[in-house]
Amino acid sequence: QVQLVESGGGLVQAGGSLRVSCTASGRTFSDATMGWFRQAPGKEREFVAAINWSGVITTYADSVKGRFTIFRDNAKNTVYLQMNSLKPEDTAVYYCAADYGGRVVRTLDRYDYWGQGTQVTVSS
């Protein structure tokens, strides 16, 4: 099993920055593709970013390209999402997820493990 715990959410003004973190325990972290997803009130959960086991390959949703950066520190079993130039529409609960399929995936159903989420609120 894999346990994922997010942290770092909070309230930030539009244009500001925030970094959320996800720390994993259990199955070997460095084997996993890690993803970030988000879910706004009344909306479906959507893909944000993903990173392969080594950190060399990343992919982003069009809505966050150029603003968000996903990176990982395998020595600390942690994946991060650095969010810059935040917009009110970025407001959501942010979830990290792990996939052991051996490739970078963007779809929610491909991820095996999920954290509890951390709230990010961007005020205008």
Side-chain angles (χ1 to χ4, degrees):
Q1 290 188 337
V2 175
Q3 288 75 235
L4 304 173
V5 180
E6 300 95 336
S7 62
L11 176 65
V12 63
Q13 293 187 26
S17 297
L18 198 66
R19 181 186 294 176
V20 290
S21 304
C22 173
T23 299
S25 61
R27 190 172 178 181
T28 305
F29 176 77
S30 59
D31 288 345
T33 293
M34 298 298 299
W36 284 99
F37 294 77
R38 67 187 183 186
Q39 187 166 20
K43 297 183 179 180
E44 297 180 2
R45 193 170 300 186
E46 66 176 358
F47 170 79
V48 176
I51 187 167
N52 82 320
W53 70 271
S54 67
V56 172
I57 302 171
T58 59
T59 186
Y60 298 90
D62 288 343
S63 60
V64 305
K65 283 182 179 178
R67 299 189 298 119
F68 291 10
T69 302
I70 185 171
F71 60 101
R72 66 195 296 164
D73 185 343
N74 286 347
K76 296 182 178 180
N77 290 346
T78 301
V79 63
Y80 306 88
L81 185 69
Q82 178 67 45
M83 300 178 286
N84 299 325
S85 301
L86 282 161
K87 304 174 181 179
E89 50 262 45
D90 295 318
T91 295
V93 176
Y94 283 71
Y95 299 89
C96 70
D99 168 61
Y100 286 86
R103 63 182 182 90
V104 177
V105 291
R106 298 168 60 96
T107 54
L108 184 151
D109 60 296
R110 301 304 298 168
Y111 285 81
D112 304 300
Y113 303 98
W114 293 84
Q116 294 289 93
T118 186
Q119 176 71 48
V120 173
T121 302
V122 184
S123 61
S124 60

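Throughout, numbering of the chain's residues begins at 1 and tracks the sequence. What you are looking at is a predicted structure, and each value in this text was computed from that prediction instead of being measured.
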Item checked: Same apolar cluster: Y95 and I70, side chain cutoff 4.5 Å -> no

Margin query: I'd like to know whether CZ of R110 has more than 12 heavy-atom contacts from other residues, nucleotides or ligands below 6.0 angstrom.
Written below: no

Item checked: Within-4.5 Å side-chain heavy-atom neighbours: E46 and E44 -> no

Next item on the list: Spell out, yes or no, whether W53 and V2 are grouped together once hydrophobic residues are joined by side-chain heavy atoms under 4.5 Å, including indirect joins.
Entry: no

Checklist line | Nearest heavy atoms of Q82 and S17, plus distance in Å | finding: NE2-CB, 4.0 Å

Notebook entry, point to check: Is it true that a side-chain atom of E6 and a backbone atom of T118 form a donor plus acceptor pair closer than 3.5 Å?
Noted result: no

Item checked: Partner of Y80 by ring-ring contact (aromatic ring centres under 6.0 Å, His included), out of F71, F68, Y94 -> F71

Notebook entry, point to check: Same cluster for V93 and V120 if Ile/Leu/Val/Met/Phe/Trp/Tyr side chains link at under 4.5 Å?
Noted result: no

Item checked: Any donor-acceptor N or O pair under 3.5 Å, side chains T91, E89 -> no

Next item on the list: Count the heavy atoms belonging to other residues, nucleotides or ligands that lie under 6.0 Å from CD of Q116, then report whether that count exceeds 12.
Entry: no

Next item on the list: May I ask you to check if R106 and Y60 form a cation-pi contact, with NZ or CZ under 6.0 angstrom from the six-membered ring centre and within 45° of the axis?
Entry: no

Margin query: With rounding to the nearest 0.5 angstrom, report the CZ to CG distance, R19 to N84.
Written below: 9.0 Å

Next item on the list: Any chance you could measure R38, atom CZ, to L81, atom CG, to the nearest 0.5 Å?
Entry: 9.0 Å

Checklist line | Atom of S85, atom of R67 and distance for their closest heavy-atom approach | finding: O-NH1, 3.0 Å

Margin query: Other residues, nucleotides and ligands only: do more than 12 of their heavy atoms fall within 6.0 Å of CD on Q119?
Written below: yes

Item checked: Inter-residue atom distance C96.SG - I51.CD1, 0.5 Å rounding -> 12.5 Å

Item checked: Check: N77 main-chain N/O paired with N74 side-chain donor or acceptor under 3.5 Å -> no

Note to self: Just so I know, are the side chains of D112 and Y100 near enough to count as touching, which here means a heavy-atom distance under 4.5 Å?
What the structure shows: yes

Notebook entry, point to check: Between the side chains of T78 and S21, does any donor sit under 3.5 Å from an acceptor?
Noted result: no

Next item on the list: Identify the heavy atoms of M34 and L4 that sit nearest to each other, and give their distance.
Entry: CE-CD2, 4.1 Å

Notebook entry, point to check: Think R45 forms a cation-pi with W114, using NZ or CZ under 6.0 Å from the six-ring centre and within 45 degrees of its axis?
Noted result: yes

Note to self: Checking the side chain of D99 only, and the main-chain atoms of V104 only, is there a donor and an acceptor separated by less than 3.5 Å?
What the structure shows: no

Notebook entry, point to check: Going through the distances and angles, do T23 and K76 end up as a side chain to side chain contact (heavy atoms under 4.5 Å, CB included)?
Noted result: CA-CA 8 Å; T23 299; K76 296 182 178 180; over 6 Å; no

Next item on the list: Check the hydrophobic clustering (I, L, V, M, F, W, Y; side-chain heavy atoms under 4.5 Å; chains of links allowed) and say if V48 and M83 are grouped together.
Entry: yes

Notebook entry, point to check: Should K65 and D62 be marked as a salt bridge (charged side-chain N to carboxylate O under 4.0 Å, His left out) after you check the CA-CA gap, both sets of side-chain angles, and the distance that decides it?
Noted result: CA-CA 5 Å; K65 283 182 179 178; D62 288 343; 3.2 Å; yes

Note to self: Can you give me the closest heavy-atom contact between F29 and V79, atom names plus distance?
What the structure shows: CZ-N, 3.9 Å

Note to self: Using the rule given for ring pair (Phe, Tyr, Trp, His ring centres under 6.0 Å), can you reason through F37 versus F47, listing the C-alpha separation, both sets of side-chain angles and the distance that settles it, and then say yes or no?
What the structure shows: CA-CA 5 Å; F37 294 77; F47 170 79; 5.6 Å; yes

Notebook entry, point to check: Where do V105 and A50 come nearest, in terms of heavy atoms and distance?
Noted result: O-CB, 3.7 Å

Next item on the list: Heavy atoms only: give me the nearest R72-S30 pair and the separation to one decimal.
Entry: NH2-CA, 4.2 Å

Notebook entry, point to check: Is there side-chain contact between T121 and V12, with heavy atoms separated by less than 4.5 Å?
Noted result: no

